Amino acid sequence: MLTKILASTAALIVSILSAFATELVMVEQDGCAYCARWDAEISEIYPKTPEGKFAPLRRVDLHAPLPADLTFKGPVIFTPTFVLVEDGIEQGRIEGYAGDELFWAMLTITLRDHSDFEMSDFEIETTHTTQTPKP
């Protein structure tokens, strides 16, 4: 009985804390080639970056109902679309994926303009190496 109470309490605490967290919501759909490219180029490194720690990734299917704890300013039309949310409310978004360099640049701008993320904590060029350097 105590185990069930503790488990329920822990689940409640996690859901409350996640409702007030900053997240990067990736809206995606099956068959999206650009979503697959983002997965191949970014998904493994993203949670290890300062941005990923500040705004953990959450995935939402384009064709599923929007989770009740999220509020977007408008409909999502393109996939992938990355929506920066704070306390479940959209603060900014990046539509599409055109490669790792543009993604990191757009994410930096979005975080700078729509959150309290401290840009001085990292340097983009040294933190986000996803490609082999050219000789």
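Computed from a predicted structure; not experimentally measured. Values below: every heavy atom of this structure, side chains too, minus hydrogens, waters and symmetry copies.
Within the model, atoms CD1 of I77 and CG of L62 stand 9.5 Å from one another, a figure rounded to the nearest 0.5 Å. Taking CD1 of I94 as the start and CD1 of I109 as the end, the distance is 8.5 Å to the nearest 0.5 Å. For the atom pair T81 OG1 and Y34 OH, the distance stands at 13.5 Å (nearest 0.5 Å). To the nearest 0.5 Å, atom CD of residue E51 and atom CG of residue L24 are 10.0 Å apart. Rounded to the nearest 0.5 Å, atoms CZ (F78) and CZ (R93) are 10.5 Å apart. Atom CG of L66 and atom OG1 of T71 lie 7.5 Å apart (nearest 0.5 Å).
When all heavy atoms of L84 and S115 are compared, the closest pair comes out as CD2-CB, 4.3 Å. In this structure, Q29 and T79 approach most closely via the heavy-atom pair NE2-OG1, 3.0 Å.
When hydrophobic clusters are built by joining Ile, Leu, Val, Met, Phe, Trp and Tyr residues whose side-chain heavy atoms come closer than 4.5 Å, directly or via intermediates, L57 is not grouped with L70. Under the 4.5 Å side-chain heavy-atom criterion for ILVMFWY residues, no single connected hydrophobic cluster contains both W38 and V27. L102 and M26 fall within the same hydrophobic cluster, defined by Ile, Leu, Val, Met, Phe, Trp and Tyr side-chain heavy atoms under 4.5 Å apart, directly or through other members. Y46 and V60 fall into different hydrophobic clusters, where Ile, Leu, Val, Met, Phe, Trp and Tyr side chains are chained together by heavy-atom contacts under 4.5 Å. Follow the hydrophobic side-chain contacts under 4.5 Å out from V83 and you never reach L107; the two are in separate clusters.
Using a 4.5 Å heavy-atom cutoff, the side chains of P56 and P47 are not in contact. You'll find the side chain of R59 reaches within 4.5 Å of the side chain of S43, heavy atoms only. Annotation: side chain of W104 is in contact with side chain of I45 (closest heavy-atom distance under 4.5 Å).
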Can you check side chain to side chain contact (heavy atoms under 4.5 Å, CB included) on D116 and F54, steps first, answer last?
CA-CA 10 Å; D116 60 357; F54 178 79; 3.2 Å; yes
Walk me through whether E23 and R58 qualify under salt bridge (Lys or Arg N to Asp or Glu O under 4.0 Å).
CA-CA 7 Å; E23 295 177 300; R58 176 178 178 184; 3.2 Å; yes
Apply ring pair (Phe, Tyr, Trp, His ring centres under 6.0 Å) to residues F82 and Y97 and explain how you reach the verdict.
CA-CA 9 Å; F82 301 90; Y97 178 72; 7.1 Å; no
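Judged purely by atom type and a 3.5 angstrom limit, E28 has no side-chain atom pairing as donor or acceptor with the backbone of C35. Between the H114 side chain and the Q91 main chain, a donor and an acceptor come within less than 3.5 Å of each other. Distance alone, capped at 3.5 Å, places no donor-acceptor pair between the D87 side chain and the I89 backbone.
The local environment of CZ in F72 is crowded, with over 12 non-hydrogen atoms from other residues, nucleotides or ligands closer than 6.0 Å.
Taking 4.0 Å as the cut-off between side-chain N and carboxylate O, R37 and D100 do not count as a salt-bridged pair.
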